[in-house]
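Below: one structure, written as structure tokens.
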Amino acid sequence: MTNPVIAEVTRGGIVESRHRGAYAVVDASGHVVAAEGAIAAPVYPRSAIKAFQCLPVIESGAADRFGFSEEEIALCCSSHNGEADHVRVARALLAKAGNAEDLYECGAHWPYHEGSRFALLRQGAGCAAVHNNCSGKHAGMLALARHLGVDPHGYVNPDHPVQRLIARRMGEICGVDLDAQPMGVDGCSVPTWAIPLKSLAQGFARFADPDLVAARRIMAAVRACPFMVGGSDDFDTLIMEAVPRLFIKTGAEGVYCACIPHAGLGVALKIDDGAARAAEVAIASVLAGLDQWTPEERNLLERFRHHDLVNWRKRGVGEVRGLSL
């Protein structure tokens with residue numbers, strides 16, 4: 001099936017670009033509350049499921065053993081900007097578990113945050129793996145390896161005990177046999193499995209179960225420290241600061257997953273062409289269209305449904321907007 005247009009870009013009073021996609025809003029039993037498009041088609045959730053990857057770090061006892069703080073747990077679930085506080089917390093995660101930076105297998109890239117990137121350049125320093133937006137997640141995985149008493153080397157490989165444990169937990173919460181699903185390699189070298197949007201949304205609805213203590217701890221950490229999940233001017237950080245009852249996470253190639261804990265609902269969305277600009281406004285449109293918010297929360301979500309396009313002279317030239325869904 002052809003997915004519907006769920007976001008568009010305007011310029012000069014006309015629609016210049018259109019973005020197609022699909023989304024599902026599902027409860028823990030699998031009932032579909034709202035949906036558009038091919039929600040049974042598997043997609044790679046990429047970084048949108050970092051909270052699921054963090055569950056074994058909590059449930060195994062690793063987080064308690066090493067005394068992880070709320071900001072450290074939040075960073076384990078992040079795609080951070082590489083700002084100074086992100087680097088500080090990533091290094092603290094490593095140190096508490098007795099891991100060195102040279103154990104990282106996520107690769108290095110420059111901080112997404114422009115000021116932090118320029119600061120490194122002014123110092124004549126290069127980027128390191130700790131600046132990688134996934135360094136918090138990888139620090140959590142290395143801590144899990146230490147806690148399990150297994151060799152941390154190769155912790156990114158699908159057959160490593162860390163990844164096997166994560167895969168089993170993800171399969172359980174989403175109700176999917178990951179052994180039967182396509183598997184790829186994520187940008188940070190860990191496995192990523194293709195999962196139907198409906199199953200991802202149901203997984204996030206189950207994540208909202210008040211009896212799932214580890215999930216409650218993760219969401220409390222993120223709610224207390226939303227900066228750790230993204231950083232300055234980051235969409236995820238900003239929208240969770242505005243609406244603290246929302247738990248949300250982006251993934252590469254136009255994916256978003258979210259959890260509405262007070263309503264027991266999960267949300268998963270994928271933009272066909274992978275555009276992050278479309279994914280942000282589209283997920284805000286989906287969320288704003290639900291009845292589970294106070295009027296104030298809905299008004300705040302509405303503000304994230306569009307953003308202005310400006311040119312290099314900072315002139316407004318159009319907008320990116322999610323369509324009413």
Side-chain angles (χ1 to χ4, degrees), residues 44-69 71-80 82 86-109 127-174 176-179 181-195 203 214-215 217-218 221-222 228-229 249 251-252:
Y44 287 119
R46 308 291 295 275
S47 289
I49 44 75
K50 282 181 175 174
F52 293 169
Q53 292 168 314
C54 186
L55 278 173
V57 178
I58 310 296
E59 293 172 334
S60 69
D64 286 333
R65 175 181 173 184
F66 300 123
F68 289 167
S69 66
E71 65 177 0
E72 289 161 354
I73 291 171
L75 196 78
C76 287
C77 304
S78 74
S79 295
H80 64 74
H86 300 130
V87 173
R88 170 184 60 81
V89 174
R91 285 178 168 150
L93 280 163
L94 291 171
K96 284 185 173 181
N99 291 312
E101 287 186 44
D102 61 8
L103 287 172
Y104 269 139
E105 298 184 24
C106 54
H109 66 68
C127 61
V130 75
H131 298 109
N132 188 303
N133 75 101
C134 297
S135 66
K137 175 181 75 175
H138 281 250
M141 290 176 175
L142 282 165
L144 180 57
R146 291 294 187 193
H147 182 66
L148 296 175
V150 300
D151 185 354
H153 294 92
Y155 70 92
V156 299
N157 297 330
D159 60 351
H160 191 279
V162 165
Q163 297 304 329
R164 290 205 304 267
L165 180 56
I166 289 171
R168 182 168 70 247
R169 194 66 184 93
M170 284 176 52
E172 289 170 353
I173 199 164
C174 292
V176 174
D177 178 8
L178 293 189
D179 289 336
Q181 297 298 114
M183 186 193 75
V185 178
D186 213 328
C188 65
S189 293
V190 300
T192 181
W193 287 269
I195 301 173
R217 186 171 174 185
I218 289 169
V222 168
M228 286 296 143
V229 177
K249 183 67 185 66

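The model shown is predicted, which means the values in this text are computed figures rather than measured ones.
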Quick one: closest heavy-atom pair of [X] and [Y], and the distance?
{"X": "A90", "Y": "V130", "answer": "CB-CG2, 3.8 Å"}
{"X": "A63", "Y": "I58", "answer": "CB-CD1, 3.7 Å"}
{"X": "K249", "Y": "S79", "answer": "NZ-OG, 2.6 Å"}
{"X": "L144", "Y": "A62", "answer": "CA-CB, 4.4 Å"}
{"X": "V87", "Y": "G82", "answer": "CG2-O, 4.0 Å"}
{"X": "A139", "Y": "L93", "answer": "CB-CB, 3.7 Å"}

(request) Output every pair passing ring-ring contact (aromatic ring centres under 6.0 Å, His included) with a member in residues 128-152, not counting sequence neighbours, ordered by first then second residue. (result) H138-Y155

Out of curiosity, [X] [atom1] to [Y] [atom2], how far, rounded to the nearest 0.5 Å?
{"X": "E172", "Y": "R168", "atom1": "CD", "atom2": "CZ", "value": "6.5 Å"}
{"X": "I73", "Y": "S78", "atom1": "CD1", "atom2": "OG", "value": "12.5 Å"}
{"X": "R164", "Y": "L178", "atom1": "CZ", "atom2": "CG", "value": "14.0 Å"}
{"X": "N99", "Y": "L142", "atom1": "CG", "atom2": "CG", "value": "5.0 Å"}

(request) With sequence neighbours left out, write down each residue that passes side chain to side chain contact (heavy atoms under 4.5 Å, CB included) with A145, or none if nothing qualifies. (result)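 V150, P152, H160, V162.
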
(message) Restricting to side chain to side chain contact (heavy atoms under 4.5 Å, CB included), what partner residues turn up for A129, sequence neighbours left out?
(response) Y104, C106

Can you run down the salt bridge (charged side-chain N to carboxylate O under 4.0 Å, His left out) pairs that involve [range], sequence neighbours left out, and say none if there aren't any?
{"range": "residues 50-69", "answer": "E59-R169, D64-R217"}
{"range": "residues 135-148", "answer": "none"}
{"range": "residues 87-104", "answer": "E71-R88, E72-K96, D85-R88, R91-E101"}

(message) Under the rule for side-chain hydrogen bond (donor to acceptor under 3.5 Å, both in side chains), what residues qualify as partners of D151, not counting sequence neighbours?
(response)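 side-chain hydrogen bond (donor to acceptor under 3.5 Å, both in side chains) list for D151, sorted by chain: H153.
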
(request) Please list, chain by chain and in numerical order, all residues satisfying side-chain hydrogen bond (donor to acceptor under 3.5 Å, both in side chains) with S135, sequence neighbours excluded. (result) H80

(request) Would you please name every residue forming a ring-ring contact (aromatic ring centres under 6.0 Å, His included) with F52, sequence neighbours left out? (result)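 ring-ring contact (aromatic ring centres under 6.0 Å, His included) check on F52 returns F204, F207.
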
(message) With a 3.5 Å distance limit and no angle check, can you tell me whether N157 reaches the backbone of D159 through a side-chain donor-acceptor pair?
(response) no

Identify each donor-acceptor pair in which a side-chain atom of residues 183-195 lies under 3.5 Å from a protein atom, sequence neighbours left out, and give them as a table.
| unit_1 | atom_1 | unit_2 | atom_2 | d |
| --- | --- | --- | --- | --- |
| D186 | OD1 | R46 | NE | 2.6 |
| D186 | OD1 | R46 | NH2 | 3.1 |

(message) Can you tell me which residue among L148, V57, L55 is in a side chain to side chain contact (heavy atoms under 4.5 Å, CB included) with L165?
(response)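 By the side chain to side chain contact (heavy atoms under 4.5 Å, CB included) criterion, L165 pairs with just one of L148, V57, L55: L148.
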
